[in-house]
Amino acid sequence: MVVPHADRTSNGRLRGILGAALAGKTPDKKDCRYLLGFPARSMEAGVLRATANAITRRRFDNAGLMLGQVGVHMAPCDGGCAFCAFAKPHTTIRESTLSTEESIQRANAFSRGGVTGIFIMTMHRFGFDWFLDYVSQMRKHIPAQTELLANVGDMSVEQMNSLKAAGMTGAYHVVRLGEGRDTHLSPSQRLATIERIRAAGLDWYNSCEPIGPEHTNEEIVEQIFAGAELGCCQHAVMRRFPVPGSPLFHHGRLPLARLAQVVAVVALATLESETVRSIAVHESNVLGLMSGANALYPEAGEPEESPGNAGGEPGESKEGFSSALWRRSQEITTADCRNMLAEAGYDKVVAGAGKGRVLAHPKD
Ligand code: SF4
């Protein structure tokens, strides 16, 4: 396959890195720092993104993937993360728990929309026995091809084995950018949990997050490579939403163009990883899908009636949460994500073991 993008620059070093990537070679950390050094609006960054896009299409057979999210318990959180809407020192939210019936309903809407799996999210501290019982109930009422995945605090191997026995197949866990500096949690404890996830035979979902404009290329590259080296099944990039009243609010938000540039570097940095099966971008957007990402995280499942009524009104008071709570906007649905994948030229979405759904493309 000849992909000409890498030739469209007079920069010899860039041509060399991208040409090698097209031939299947992962750039090293130094090269990745170099790739992140171009202004997001530059031709060099454009050529980088176009090359990562072409590589991802070939690597994943032009198939997209969606993973849902259901926040089942929220409360002022001891994690104390300086970027988070739930952190105890600055949060305004009140404790609430989503009923299992409501969770099952939301999960089935995700399943109808064609997600591969659903993250069940809690705060850093959570009652393990309660959570185990909760996901066991969910598992009985959700189609078997839709995986259940944990996005919770640190856990022991025994706890992971119990979740696995209850039907969970993976977990999201990250040593975040600024972990221990911008959070009350220890990087070594987070890392130990990641190693336990791998040891328990669960799929490990990773992300370079939460990126803000202040993060250096060095920090970003170290975080990207740590994930690739530890054997994640999915690498991703998520930008930080500036939460009013939080200590990092004043830094503002990373532009989408820069987010897409980091996506492109993640796609190249994981090129030779045998475990990575998809590259995600959050929040969901078409530019990320055109820059090396093939996976999105819808915040709500398939709308029942019309697309406009799926996520409720912005800021509407309700129990449970998704990442839309941070933006105080409507939730992005599975239908929205399928549209984005189709608009970006993906042919299909992977919707469970060996199954897929062909995307209806917009008319030219
Ligand atoms: S990011 Fe997670 S651990 Fe940190 S405060 Fe928010 S909910 Fe807690």
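Start at 1 and go down the list; that is how both ligands and their atoms are numbered.
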Could you verify whether a donor N or O on one side chain and an acceptor N or O on the other, from [X] and [Y], lie under 3.5 Å apart?
{"X": "Ser246", "Y": "Arg240", "result": "no"}
{"X": "Arg49", "Y": "Asn53", "result": "no"}
{"X": "Thr169", "Y": "Glu147", "result": "yes"}
{"X": "Ser136", "Y": "Asp133", "result": "no"}

| task | Provide the number and element of each atom of ligand 1 under 4.0 Å from a heavy atom of His124. | result |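 Answer for ligand 1: 3 (S).
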
| Which ligand 1 atoms are under 4.0 Å away from a heavy-atom of Arg176? |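 Once the distances to Arg176 are compared, the set is 1 (S).
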
| request: Confirm or rule out an N/O/S atom of Cys84, from backbone or side chain, lying less than 2.8 Å from atom 6 (Fe) of ligand 1. | output: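 Yes, since at least one N, O or S atom of Cys84 sits under 2.8 Å from atom 6 (Fe) of ligand 1.
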
| query | Under a 4.0 Å heavy-atom limit, does Met74 contact ligand 1 with its side chain, its backbone, both, or neither? | reply |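 The answer is neither; Met74 stays 4.0 Å or more away.
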
| query | Are Lys88 and ligand 1 in contact, using a heavy-atom cut-off of under 4.0 Å? | reply |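 No, that is not the case, since the closest heavy atom of the residue is not under 4.0 Å from the ligand.
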
| task | With rounding to the nearest 0.5 Å, note down the distance linking SG in Cys81 to CG in Leu248. | result |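 Answer for the SG-CG pair, Cys81 versus Leu248, is 9.5 Å.
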
| request: For atom 7 (S) of ligand 1, state which one of Ala75, Gly80, Ala85, Cys77 supplies the nearest heavy atom. | output: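 Nearest option to atom 7 (S) of ligand 1, by heavy atoms: Cys77.
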
| task | Indicate, with yes or no, if the rings of Tyr134 and Trp130 have centres closer together than 6.0 Å. | result |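 So the answer is yes for these two rings.
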
| query | Checking only N/O/S atoms, does His184 have one that is under 2.8 Å from atom 4 (Fe) of ligand 1? | reply |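 So His184 does not bind atom 4 (Fe) of ligand 1 by this criterion.
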
